[in-house]
Every structure is written in structure tokens, then in C-alpha cells.
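Before any comments, here is the structure.
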Amino acid sequence: MANRLGTQLFVSRLSFYTNTQELKKWFSPYGVVKEARIIRDSKTLRPKGYAFIRFESEVEAQKAMKAMNGRIVNGKLIFVEVAKTETPAEDAKTTRTIEDSPSGK
DNA sequence: GTTGAGCGTT
């Protein structure tokens, strides 16, 4: 293993008017969004203001992170960062990207 | 046009 970057992005300070569809719309051009999840409260069902974006590859996740980090969405500044507590690699085939990149042979 | 640091819901 080389870089444990993670294919999931953590988006914070999101506007309460933003939905998962909009998130995918904002992150789709930078990579294939496998899943977009907005965190809500278990009781009030109100949006906590942050969400997780999962990409199919790490390179796309970082590209989208640098592209959407500190960007204005729905009139609100958002912060994009790699998720700390990401789900373990379920598919080692989809986690191959930078470390599995052909550097020579 | 809900409250604004954070790492998790259907």
C-alpha cells in the first residue's frame, strides 16, 4: 500500500438549501460521483450542514477537492476535505489509482 | 430562505 487517500470527500459548511442532487451536480464534472450523502439529525431530520461525497477513484476525489474547496455554492462558502473516517476498502479494484499507477513497468 | 463547527444517514 502506498497512499491511503480515500475515495470519500467531506464537505462542510454547506448551505441548508443544497441537496445531494446538487452536490453530485457540482462534483460530477470533476469525477464520477458514486454516492452523495448529506448528514442529517436522527431526531429532528434537519440537515447538519455537511455531507460526504464518494468517488470511484482517489485521483478524482482529490481533483474535486482542490477544485471545490473554498468555492461558493448556493451563496455559501463550502470546505472540501478528504474524509477521515471513511469506509474500508470494500473493493480493492476500485481503490487502485495512484499507488497502482503505471510508473514504468 | 432554518443554527454554522464538525467526520456519517437513509
Side-chain angles (χ1 to χ4, degrees):
Chain A
M1 336 64 167
N3 292 337
R4 206 100 304 214
L5 300 173
T7 58
Q8 250 189 161
L9 258 48
F10 174 68
V11 185
S12 56
R13 292 310 276 289
L14 266 174
S15 57
F16 299 114
Y17 319 111
T18 308
N19 298 295
T20 55
Q21 291 295 342
E22 293 213 68
L23 287 176
K24 287 191 292 186
K25 184 183 77 172
W26 278 97
F27 285 82
S28 288
Y30 305 103
V32 180
V33 180
K34 291 187 62 176
E35 184 65 85
R37 169 164 45 259
I38 291 186
I39 308 306
R40 304 193 209 198
D41 189 81
S42 306
K43 302 177 288 293
T44 61
L45 296 179
R46 284 193 217 150
K48 291 184 177 178
Y50 64 95
F52 289 94
I53 309 295
R54 177 182 274 191
F55 283 85
E56 64 171 358
S57 57
E58 300 175 356
V59 288
E60 296 180 337
Q62 291 171 53
K63 181 170 61 179
M65 175 181 60
K66 296 180 213 170
M68 293 296 300
N69 188 18
R71 223 57 182 283
I72 305 296
V73 176
N74 287 7
K76 266 52 175 188
L77 190 90
I78 67 172
F79 293 95
V80 184
E81 188 181 353
V82 180
K84 287 190 282 190
T85 54
E86 58 173 318
T87 58
E90 301 175 353
D91 296 274
K93 304 182 299 302
T94 55
T95 50
R96 51 147 166 178
T97 36
I98 302 176
E99 56 182 82
D100 201 13
S101 293
S103 307
K105 59 183 76 63

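Note that the structure is predicted; figures quoted are calculated from it, not measured. In what follows, chains carry the letters A, B, and so on, assigned in the order in which the sequence lines appear, proteins first and then strands, with residues in each chain numbered from 1.
When distances run from any side-chain atom of Phe10(A) to the nucleotides dG4(B), dC7(B), dT9(B), the shortest one goes to dC7(B). When each of dT9(B), dT3(B), dC7(B) is scored by its nearest atom to the side-chain atoms of Tyr50(A), the top-ranked nucleotide is dC7(B).
Atom NZ in Lys48(A) sits 5.5 Å away from atom CG in Asp41(A) (nearest 0.5 Å).
Within 4.0 Å of Arg13(A), counting heavy atoms only, lies at least one base atom of the nucleic acid. Residue-level contact check: Ile53(A) touches neither bases nor backbone, having no heavy atom under 4.0 Å from any strand.
Rounded to whole Å, atom P of dT9(B) lies 20 Å from atom CD of Gln21(A). Between Glu35(A) atom CD and dG8(B) atom C1' there is a gap of 12 Å when expressed in whole angstrom units. One can place CG of Leu14(A) at 14 Å from P of dA5(B), the figure rounded to the nearest angstrom.
For Gln8(A) against dG8(B), a side-chain N or O and a base N or O form a donor-acceptor pair under 3.5 Å. Residue-to-nucleotide contacts include a donor-acceptor pair under 3.5 Å from the side chain of Arg37(A) to the base of dT9(B).
Taking both residues in full, the closest heavy atoms of Thr18(A) and Ile38(A) are given as O-CD1, 3.3 Å, listed atom of the first, atom of the second, then distance.
Of the candidates Met68(A), Met65(A), Glu60(A), Lys66(A), Met68(A) is the only one forming a side chain to side chain contact (heavy atoms under 4.5 Å, CB included) with Tyr30(A).
Considering only side-chain N and O atoms, Tyr17(A) lies under 4.0 angstrom from the phosphate OP1 or OP2 of dT2(B).
In this structure, Phe52(A) packs face-to-face on the six-membered ring of dG8(B), meeting both the 5.5 Å centre cutoff and the 30° plane limit.
Placement of Leu14(A) and Trp26(A) within a single hydrophobic cluster is found when ILVMFWY residues are connected by side-chain heavy-atom separations under 4.5 Å, directly or transitively.
Closest-nucleotide positions on DNA chain B for Arg40(A) and Lys48(A) were compared, and the one nearer the 5' end corresponds to Lys48(A).
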